[in-house]
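Data first, discussion second: the structure below is written as structure tokens.
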Amino acid sequence: MNIISYEKIKIKMEGTMNDLVLKNSKLVNKSGSYYVSVNDGKIANISKQPLKADVEIDINEKFVLPGLIDPHVHFRDPGLTYKESFKSGSFAAANGGFTTIIDMPNTVPQTNTAENFKEKMKIAKNKSIVDFGLHSGINNLEEIKKIAELKPSSFKIFMDLEEDNSLDTIFRNISIAERDLNSENSKSQKFNLKITVHGENKAIIEDNTERLKKMECIRGNAPIDYSYARPSKAEVVSVKYAISLAKKYNIDLHICHLSTKEALDIAKLEQKRQYDIDNTLKSKTKQNKTDNTLKSKTTQNNTKNTLKSKTTQNNTKNTLKSKRKQENTTESYKSKIHNITTEITPHHLLLDSDVFDKYGTIAKTNPPLRLKGENLAVTDLGDIDMIGTDHAPHTLEEKERGVWNSAPGIPNLETVLSLLLTEVNKGSIELSSISKLLSENPAKIFGLKNKGNIEVGKDADFVVVDLKKEGKFNLDNFYTKAKYTPFENYEYKGIAIMTISNGNIIMNDGDVIGNNEGKYVHY
Ligand SMILES: NC(=O)N[C@@H](CC(=O)O)C(=O)O
Ligand SMILES: [Zn+2]
Ligand SMILES: [Zn+2]
């Protein structure tokens, strides 16, 4: 038990004092103004009555939202820290209103062994000022099982880099690892492995790029050719295949940076199918329950008990059997429900390939910005689970090497909240949908149970926003090392003015205060 200093015990003894209170706060979907108090990094109380604390911050009737959570960042640490690091990346996150990020495995070395995973945990613990989850890379079954015990947020597959015939094996290995780990720990479904995919088909990309390069002399290969080289079809084919493998192996699937209507429709269809199966299962179990109670109680009890122990035996055997059956046959509706979830980036939401005219290869990213008519828009947000910024920093020099050799990727942590608050001011989305897309759903879908909402007992993670503040992004004020964005001349209305992580202020009016220690978070 760590001994805390006497004065803190004294304050605790008095019982009244909190560590922090946010007074005169506006909360989404609640009328009036609130006091939100914090104790030991957790939300202690939410009240209309005044609350006292060591530190009192007057929010002056601004909105206090749950701290933002980004499930898709590339902090390039270890190995590529000249582009970004957990220090610069987490400072950028704090500046953008984020209190939690989940980092991608395409570092050097790849985060695809238990050893490299632990090494990255250490690096992040030392450098990150926001809480962090980690996605794992892919490896053989043995390594996957060792990493799975460290509770990665998911196993990430870059389908644009994998041959189709290796994908089936990857999904199969993840489902076998989940089954084996849970049968070793049979008391509960302790391990729930999730796959996240970069959904673009490698073969289609290679064929189209080859064809366009050959025509270089005729077409001159403008930056927009990148959108033709990685056509929507590459995403549609890849997302369809990933969903079929998730069904076949009963594994939860999260689709990164969805960028086309067609692929979104396919994902929605499967989500609806799973929802219907889930409801059928729920009504069946309820039906069974009513049937059983109708029978006489007494005689039933003993038979029920013997039956129960047998049924539990059969059930475990059945689930394992159905899982085994799953591997080779098509899904049966009795199978475990696998969740299909989706994310979209700010650039695929708000930009299309027209922006290449102005920003050239600065706007080059994977998947590419879509041609008008193929792209998604703010009106599609109701069908998408979350925003994942795909904060993918590179150096300016790496971004200016022509259409084929420039590095793909756009940094977004310090622009996304202002971009979405501007949409709120335009009336195209509600303020509540920002919390749903950037806090509640990422927390729920990636199992971050202490995060995502302003509720008593949850982590005291907040972002205070000034809905009225207008301006243009000034790259000199950004903390990311990647000083470029296709949103440079965007006129925003609304910005983060304070970020609080576990009760500690980490950003105040655009100044990041770096004395906070981010912690590893997982499902
Ligand atoms: N999105 C990108 O264009 N680039 C990502 C890789 C990826 O997510 O494909 C990166 O790590 O740079
Ligand atoms: Zn990607
Ligand atoms: Zn990415």
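Counting starts at 1 for both ligands and their atoms, in listed order. Being a predicted model, the structure only gives us computed values, none of them experimental. Positions are given from 1, in the same order as the sequence printed here.
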Check your understanding: Touching ligand 1 at all, K364? Heavy atoms, strictly under 4.0 Å?
Key -> no
**Study point:** Heavy-atom neighbours of K483 NZ exceed 12 at 6.0 Å
**Key:** yes
Review point. Does the pair D131/K451 count as a salt bridge with the N-to-O cut at 4.0 Å?
Key: yes
Check your understanding: Can you check whether K156 has an N/O within less than 3.5 Å of an N/O in ligand 1?
Key -> no
Check your understanding: Looking at K399, K364, K83, which one forms a side-chain hydrogen bond (donor to acceptor under 3.5 Å, both in side chains) with H394?
Key -> K83
**Study point:** Heteroatom proximity flag, A392 to ligand 1, N/O under 3.5 Å
**Key:** no
**Study point:** Main-chain N/O of V512 paired to Y479 side chain as donor or acceptor, under 3.5 Å
**Key:** yes
Check your understanding: For ligand 1, which atoms have a heavy atom of H74 less than 4.0 angstrom away?
Key -> 5 (C), 8 (O), 11 (O)
Review point. R76 near ligand 1, heavy-atom distance under 4.0 Å?
Key: yes
Practice item. May I ask you to decide whether K120 forms a salt bridge with D77, counting only side-chain N to carboxylate O separations under 4.0 Å? Key: no
Point to revise | N or O contact, D390 vs ligand 1, cut-off under 3.5 Å | key: yes
Exercise for review: Ignoring hydrogens and angles, tell me if any N or O in the side chain of Y523 forms a donor-acceptor pair with the backbone of N192 under 3.5 Å.
Suggested key: yes
Practice item. Please determine if K469 and D509 form a salt bridge, counting it only when a charged side-chain N lies under 4.0 Å from a carboxylate O. Key: yes
Check your understanding: Within less than 2.8 Å of the Zn ion (ligand 3), how many protein N/O/S atoms are there?
Key -> 3
